[in-house]
Amino acid sequence: MLKENDPAREINDLTLPQNDKLEELQEKGIKLYGGKYVRTHLARQLIEDYPALEGQKVNVAGRIMAIRGHGKASFANLQDGSGKIQIYLRLKDVGSESYQIFNRLDVGDIIGAEGNLFKTRSGEVTVAVENFTLLAKSLRTLPEKWHGLRDIELRYRQRYLDLLVNPQVREVFVSRSKIIQAMRKFLEQRGFLEVETPMMHLIPGGANARPFTTHHNALDLDLYLRIAPELYLKRLIIGGLEKIYEINRNFRNEGISTKHNPEFTMLELYQAYADYHDMLKLTEELIYAVAQEVPGTPVVVFEDVTLNLAPPYKKISMLEAVKQYTGIDFSGLGETVKARAAAKTLNITVEKDDSWGVILNKVFEEKVEANLIQPTFILDYPIEISPLAKKKEDDPRLTYRFELFISGREIANAFSELNDPLEQRMRFLKQVEKRQAGDEEAHMMDEDFVTALEYGMPPTGGLGIGIDRLIMIMTNSASIRDVILFPLLRPKE
RNA sequence: GAGCCAUUAGCUCAGACGGUAGAGCACCUGACUUUUAAUCAGGGUGUCCGGGGUUCGAGUCCCCGAUGGCUCACCA
C-alpha cells in the first residue's frame, strides 16, 4: 500500500488512463526516454525550402501536438522550436508493430521521425514517416489545443505550458530577447563596454526603495540585494571606464502590480564628459533604434493608443508641465508654505515636512504623469528627490535630471551626475535625516562611494531604462508579468 | 496593505428559483489509407478552491480562510 504522499502514488493517480499504455510500451521494449536525436531539418525549413527538399529523406523531432488517426494511416503535427510540421504514417510503410506503438502515443509525447518529404492532396508539406523514435513520454495531458491555456494563474505558474500552447506568448519572449539584443548592439556600436557589478550590496543605494536582505554565512555578514547598480557603475567611471553599461536585475522589496515585479531588469549606462542633454539624445536614439528592429517600426499600438517612438520627443520642464496641467506656476512659489497651499487647492495631500520640491513632484505625479502618453521628457527635477544628480547652476532648487514618460509610465531616468564629493556627502546626510525620520526608502550614507568621488569623477551623464516596461510597450503587453517569464507569485499552498 | 471580481473534469467553459453535477477538446473502446479543430458509434474520468454555518436538502445562500485578476496605495 502506497503512503498518502508517496510520489509514486501521485504518478499512478495522474496517469491512470495512460498507465496501461506505459506498461504496454515497456513490455515491447520501447524506451520511454531516449537520448540524442540528430535532426536534419527544422519544421520551418521543411516548409520554406519545400521545392528543394521535395522527395528528400529528412529527420525531424518535436512534440506531438495533434494526432489524427485514420485506421491504417495516421497524421500528426510535430512542433519544434521553429514551428510545426505534419507527419504521415502508414501501416504499410512502418510495419504493424511500429504502427501499433504509434497508436499508443499521446499528444504531448516527443518523438523523432524519419521519412521523405511530400505534399498532401490539400497541399500541406508532410513527412511520410518510415521510422520514428520515442524521445520523451508525457505523463500529463497538455492543455486544450483550440482555446490554449487561458487561466492566468496557471500560465504564470506553469509558463512552459503557456509557451507550448500559446504561440503569441512565445512571440513576446522572442521579442524580448531581440529587443535586449538590439540594445546591446546599439551600445556596442557607440563604444559602450558592458560590465557586471555586484548584486549583493553592503549599502543599498542608487535609488529610493526598500531592499531585500540576505546573509553571507562565512563572513557572517548581512547584505542587501541591490536596488540599483548606480553607485558601482560610477565607481567604474572614476576608474577610467568612460562609457559603460549594465543590463541586469534590480530587486525592490515593494508591492506587486501590473507595472511592478520585485525583480526587474534595468539598463543603466554612464558616459564620462557628457551631461543629461547627451543622455536625452541617446535615449531617443536608442529607443528608436530598438523599435526599428523589434517590432520593426517606431509606430506601435499600446493599450489601444498609437504611439510614435520616432524622435524628437516632446521636452518640457517639470515646472512648465505642472503649470500647463494645473495652471499653477510653482516657480514663483518660492516658499514652501505657498507651495503647500497651492497643492491643497489641487486636493493633493502633503505631509508636514514636505518641502517645495517634494510638493512640486507630488503635484506632477498626480496631475501630469498620467497625461504623458506620447513619449515626453520631463526635465529639471527638484533637488530633494534627486540626491545623486547635479544641481542646476541657474536654479539650485532643481537638478539636471529628466525622466521619459510613455503611456503615462516612467520609462527612463537620467541626470548629469553629481561629482562634487563634498556636496554628495551633504546630500547623503540629508537622506540619512529623512531615514531617521522614518523614510525607509531614503538613502543610507555611503562613505565608500564618497571616498571614490573624492578621487575625482569626471562630469558624467547617467541613464537608466526600465527594460520590462519598454518591452511591454513594444509588445503591447498589459502586465509586466506578461514580459517576465517567471513573475513572482505567492506559493500555491 | 484596502476594495471589487473569479475559482466546477487534465484544459476551455455552462450550470434560473436551493432539489441526484453538464458540454466541447483531451482520454478510453471500436470503425476508417491524404487528414488538418478529421469524421462516425459508444464511454464521464469530479474534494464544484478549503473550512464552518443556515436548511429536510448547498456548486448555488451566509461567515472565515487560500490563491489569482483588476483598481487603489507604495514604487521603476
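Below, chains carry the letters A, B, ... as their sequence lines are ordered, and counting in each starts from 1.
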State which residues pass side chain to side chain donor-acceptor pair (under 3.5 Å) with A:Glu124; sequence neighbours excluded, sorted by chain then number.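 A:Glu124 satisfies side chain to side chain donor-acceptor pair (under 3.5 Å) with no other residue.
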Can you sort out the partners of A:Asn253 under side chain to side chain donor-acceptor pair (under 3.5 Å), two or more places apart, ordered by chain and number?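 Result, side chain to side chain donor-acceptor pair (under 3.5 Å) vs A:Asn253: none returned.
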Sequence neighbours excluded, which residues qualify as ring-ring contact (aromatic ring centres under 6.0 Å, His included) partners of A:Tyr270?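 A:Tyr270 satisfies ring-ring contact (aromatic ring centres under 6.0 Å, His included) with no residue once adjacent residues are dropped.
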Considering residues at least two apart in sequence or located in another chain, which fulfil the ring-ring contact (aromatic ring centres under 6.0 Å, His included) criterion with A:Phe75?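 So A:Phe75 forms a ring-ring contact (aromatic ring centres under 6.0 Å, His included) with A:His70, A:Tyr88.
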Phosphate contact ([N] OP1 or OP2) by [X] side-chain N/O below 4.0 Å:
X: A:Arg121; N: B:rU35; answer: yes
X: A:Lys145; N: B:rA38; answer: yes
X: A:Arg90; N: B:rU33; answer: no

Please state how far atom [atom1] in [X] lies from atom [atom2] in [N], giving the value in whole angstrom units.
X: A:Ile256; N: B:rC70; atom1: CD1; atom2: P; result: 12 Å
X: A:Glu144; N: B:rC11; atom1: CD; atom2: C1'; result: 6 Å
X: A:Leu267; N: B:rA76; atom1: CG; atom2: P; result: 17 Å
X: A:Ile67; N: B:rC25; atom1: CD1; atom2: P; result: 16 Å
X: A:Ile87; N: B:rU35; atom1: CD1; atom2: C1'; result: 13 Å
X: A:Asn253; N: B:rC74; atom1: CG; atom2: P; result: 17 Å
X: A:Arg401; N: B:rA76; atom1: CZ; atom2: C1'; result: 11 Å

If we take the [atom1] atom in both [N] and [M], what is their distance in whole Å?
N: B:rC32; M: B:rC5; atom1: C1'; value: 48 Å
N: B:rU54; M: B:rC62; atom1: P; value: 15 Å
N: B:rU8; M: B:rG50; atom1: P; value: 10 Å
N: B:rG43; M: B:rA26; atom1: C1'; value: 14 Å
N: B:rC17; M: B:rU60; atom1: P; value: 13 Å
N: B:rC27; M: B:rA9; atom1: C1'; value: 11 Å

Mapping A:Glu365 and A:Ser479 onto RNA chain B by nearest heavy atom, which one lands closer to the 5' end?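 On the 5' side of the pair lies A:Ser479.
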5′-ward residue of the pair A:Ala66/A:Phe118 relative to RNA chain B: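 The residue mapped nearer the 5' terminus is A:Phe118.
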Sugar-phosphate only, base, or nothing, as touched by [X] at under 4.0 Å among non-hydrogen atoms:
X: A:Asn208; answer: sugar-phosphate
X: A:Ile411; answer: nothing
X: A:Asp93; answer: nothing

Which nucleotide in the set [options] lies at the smallest distance from any side-chain heavy atom of [X]?
X: A:Thr258; options: B:rU34, B:rU12, B:rC70; value: B:rC70
X: A:Thr141; options: B:rG10, B:rA76, B:rU29; value: B:rG10
X: A:Arg481; options: B:rU33, B:rA26, B:rG69; value: B:rG69

For A:Lys57, check salt bridge (charged side-chain N to carboxylate O under 4.0 Å, His left out) against everything at least two apart and list the hits.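 Counting only residues at least two positions away or on another chain, A:Lys57 forms a salt bridge (charged side-chain N to carboxylate O under 4.0 Å, His left out) with A:Glu130.
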Measure all distances between protein nitrogen or oxygen atoms and nitrogen or oxygen atoms of nucleotides 41-50 of chain B, and list the pairs falling under 3.5 Å.
none

Determine yes or no for a side-chain-to-main-chain donor-acceptor pair under 3.5 angstrom, with A:Gln424 supplying the side chain and A:Pro387 the backbone.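 Pair found, side chain donor or acceptor close to backbone of A:Pro387.
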With no hydrogens and no angle check, is any side-chain donor or acceptor of A:Arg401 less than 3.5 Å from a backbone partner on A:Ile378?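 Not a single qualifying donor-acceptor pair exists.
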Any residue of residues 68-75 of chain A with a heavy atom less than 4.0 Å from an atom of RNA chain B: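 Heavy-atom cutoff 4.0 Å gives A:Arg68, A:Gly69, A:His70, A:Gly71, A:Lys72, A:Ala73, A:Phe75.
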For RNA chain B, determine which residues of residues 147-159 of chain A have any heavy atom closer than 4.0 angstrom to one of its atoms, and list them numerically.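 Heavy-atom contacts with RNA chain B come from A:His147, A:Gly148, A:Leu149, A:Arg150, A:Asp151, A:Ile152, A:Glu153, A:Leu154, A:Tyr156, A:Arg157.
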Please tabulate, for side-chain N and O atoms in residues 461-472 of chain A, each donor-acceptor pair with protein atoms closer than 3.5 Å (sequence neighbours left out).
unit_1, atom_1, unit_2, atom_2, d
A:Asp468, OD1, A:Arg176, NH1, 2.9
A:Asp468, OD1, A:Arg176, NH2, 3.1
A:Asp468, OD2, A:Thr265, N, 2.7
A:Arg469, NE, A:Lys259, O, 3.4
A:Arg469, NH1, A:Glu410, O, 3.1
A:Arg469, NH2, A:Lys259, O, 3.2

Where at least one partner belongs to residues 434-443 of chain A, residue pairs that pass side-chain hydrogen bond (donor to acceptor under 3.5 Å, both in side chains), sequence neighbours excluded: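 Every pair satisfying side-chain hydrogen bond (donor to acceptor under 3.5 Å, both in side chains) with a residue in residues 434-443 of chain A: there are none.
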Mind pulling the stems RNA chain B is in, i.e. runs of at least three Watson-Crick or G-U pairs, everything under 3.5 Å?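 So the stems come out as B:1-7 with B:66-72, B:10-13 with B:22-25, B:27-31 with B:39-43, B:49-53 with B:61-65.
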Please list, one pair per line, the donor and acceptor atoms closer than 3.5 Å that link side chains of residues 478-491 of chain A to other protein atoms, with sequence neighbours excluded.
unit_1, atom_1, unit_2, atom_2, d
A:Ser479, OG, A:Arg481, N, 3.0
A:Arg481, NH2, A:Ser257, O, 3.3
A:Asp482, OD1, A:Tyr156, OH, 2.9

